[in-house]
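Atoms considered below: every heavy atom in the structure, side chains included; atoms not considered: hydrogens, waters and symmetry mates. Letters go in sequence order (proteins before strands), and every chain restarts at 1. Just so you know, these numbers come straight off a predicted model, no measurement behind them.
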Amino acid sequence: MIDLKLIREKTDEVEKALKRRNGNFSTKELVEVDSEQRRIQGEWEALRQRSNQLKDLIPAAQGEERETLKAEAKDVNARAKDLNAQKNELDEKLKALHFALPNVPDASVPDGPDETANVEVHTWGEKPKIDNPKEHWELGPALGVFDFERGVKLAESRFTVLMEMGAKMERALMNFMLDLHSKRGYKEVFPPILVNKECMYGTGQLPKFEGDFYKCADDELYLVPTAEVPVTNLYRDEVIDESNLPIYHCAYTPNFRREAGSAGKDTRGYIRQHQFNKVEIVKFCLPENSEDEHEKLVRDAETVLETLGLAYRRVILCAGDLGFSAKKCFDLEVWFPGQNKYREISSCSNFGDFQARRANLRYRPNEEGKARYMHTLNGSGLAIGRTLAAILENYQQPDGSVKVPDALVPYMNGVTVLKPKA
RNA sequence: GGAGAGGUGGCUGAGUGGUCGAAAGCGGCUUCCUGCUAAGAAGUUAUACGGUCAAAAGCUGUAUCGAGGGUUCGAAUCCCUCCCUCUCCGCCA
């Protein structure tokens, strides 16, 4: 969340920055509740002080004096209790308002209302020249890679079964990506797929987006919508020595999203599923380094696409399209010849200290002194399903077969081409 | 799921109504001493928020002994509820 002190002291600046976002965010009520809360707290503390004095005086007092003091103590405590109830109520209101505020967009983020205002930063690679390219949802079933109907039978819409070479390529992609990131300094972790609500608050999914996630209500656990959640929360409520920063992690997890509000979007194909696999890369670093670390992280994600030979472009999200917790975000969009457009395949965000404040992620500076909030970053590296779909469309051959990208062949037990089913 | 034990500062661990933000030890930091590779001596060492101050230090107020409530003038300590951990049993990939 945003530093409360900053909101208090530079209200106008924060307010102005939040206005750039899509949505009606305001600090107005928060500021009011905050000052009221502080006023009540001051009064309460004064009463507590008197109460503490009295409890020291009473044991020494005798007779009637003792009774007088006790009576006063009773009265003071009763009033303090009353104020405390008010204070708690305000605390909670304050917390709710505070947790509902998104991060402040970075100054370098362009203005704009939605994704149409995102700005292309650069492109990479040659779009393949294919006559009458097919979409992956045509190619996949013909290759025996996707079985959309049976996915629906087993669960519901937006669930797909990967068959044979499809299952193998999905698995190959996970291993390929994890190996690639491991070589580039990311320590691999495999976290729980169910997490508690503290984790969901920590990274910013809750309280704002409750309906977007699958929840095991009986156990008060959520299926992770991204590995970002468990991995960023790894060090929740911990203080890490500065000498251990930065920390890089990569993780594969399945992800679960209800896709509430996506009705009618991408209903065909393997692009928008309720369950999908993803390799995520996550960084914890010093505040002064997060800008550099962000650029390096995006490069790490881009390297996956480049190694697979997939054309893509990098865009910077405008303020209106920025995710709740991010202060700055680059999306990588891979070229889909069949659909004749770029589609998002990775989202690389710098969160500044926003998540660190929520999850209480701190570090101890080398030059001693107080623990400070670190910065967190993450990016998809990459979404597996979309990568698989992109490979089908980009590597399709005139005879309906699909070439396996060279870098993936070793992970496919030497298979170099997927052939259509007879 | 059943039975039992327990949750105290960076760690170990004492503390069953006021003198307890909390003994002691370990670890950390500072200084001193010894020329011998590490030992000794002294001191210091929790966090958050607020006040004072130009600011820092300092001083000072409040809170914090798993969480929340209760009893009491007063709770780490007594009572209630919840959460978590460990051990044994059951079940099980």
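- A close approach under 4.0 Å does not occur between any side-chain nitrogen or oxygen of A:R48 and OP1 or OP2 of B:rU64.
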Subject >> Pair pattern of RNA chain B in dot-bracket, where unpaired bases get dots and | marks partners in another strand, Watson-Crick or G-U under 3.5 angstrom >> reply: ((((((((.[[[..)..(.....]]]((((((.......))))))(((((((.....))))))).[[[[[..)....]]]]])))))))....

Original post:
Could you walk me through whether A:E259 and A:R257 pass the salt bridge (charged side-chain N to carboxylate O under 4.0 Å, His left out) check?
Top reply: CA-CA 5 Å; A:E259 293 298 338; A:R257 299 184 186 176; 5.1 Å; no

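- Rounding to the nearest 0.5 angstrom, the gap separating the CD atom in A:E45 from the CG atom in A:N84 is 11.0 Å.
- The side chain of A:R66 places no N or O atom within less than 4.0 Å of a non-bridging phosphate oxygen (OP1 or OP2) of B:rC73.
- Taking the charged nitrogens against the carboxylate oxygens, A:D91 and A:K95 have no contact shorter than 4.0 Å, which rules out a salt bridge.
- Of the candidate nucleotides B:rU62, B:rC73, B:rG70, B:rC73 has the atom lying nearest to any side-chain atom of A:N77.
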All N/O donor-acceptor pairs, side-chain side in residues 54-65 of chain A, below 3.5 Å, sequence neighbours left out:
none

Atom pairs and distances, donor-acceptor, side-chain atoms in residues 188-196 of chain A, under 3.5 Å, two or more places apart:
{"residue": "A:N196", "atom": "OD1", "partner": "A:E198", "partner atom": "N", "Å": "3.4"}
{"residue": "A:N196", "atom": "OD1", "partner": "A:C199", "partner atom": "N", "Å": "3.2"}

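- Note: CG (A:L57) to P (B:rG74) measures 14 Å, nearest angstrom.
- In this structure, A:K370 atom NZ and B:rU45 atom P are separated by 16 Å, rounded to whole Å.
- Note on A:L54: nothing from the nucleic acid sits closer than 4.0 angstrom, heavy atoms only.
- Of the candidate nucleotides B:rG18, B:rU62, B:rU47, B:rG18 has the atom lying nearest to any side-chain atom of A:P59.
- The side chain of A:W44 has B:rU62 as its nearest neighbour among B:rC73, B:rG50, B:rU62.
- In this structure, A:T416 OG1 and A:K419 NZ are separated by 7.0 Å, a value rounded to the nearest 0.5 Å.
- Phosphate proximity of B:rG74 to A:N52: absent, as no side-chain N or O sits under 4.0 Å from OP1 or OP2.
- Nearest nucleotide to the A:R38 side chain, out of B:rC73, B:rG50, B:rU47: B:rG50.
- In this structure, A:Y270 and A:F146 have tilted ring planes: the angle between them lies in the 30° to 60° band.
- Within the 4.0 angstrom heavy-atom criterion, only backbone atoms of the sugar-phosphate kind lie near A:R8; the bases stay farther away.
- The nucleotide whose nearest atom lies closest to any side-chain atom of A:K81 is, among B:rA48, B:rU71, B:rG61, B:rU71.
- One atom, CZ of A:R50, and another, C1' of B:rU62, lie 16 Å apart when rounded to the nearest Å.
- Minimum atom distance to the side chain of A:R364 is reached by B:rU47, of the listed B:rG50, B:rG74, B:rU47.
- Going from atom CG of A:L47 over to atom C1' of B:rA63 covers 15 Å, rounded to whole Å.
- Between A:I40 atom CD1 and B:rU62 atom P there is a gap of 19 Å when expressed in whole angstrom units.
- Look at A:K74 and you won't find any side-chain N or O under 4.0 angstrom from OP1 or OP2 of B:rU72.
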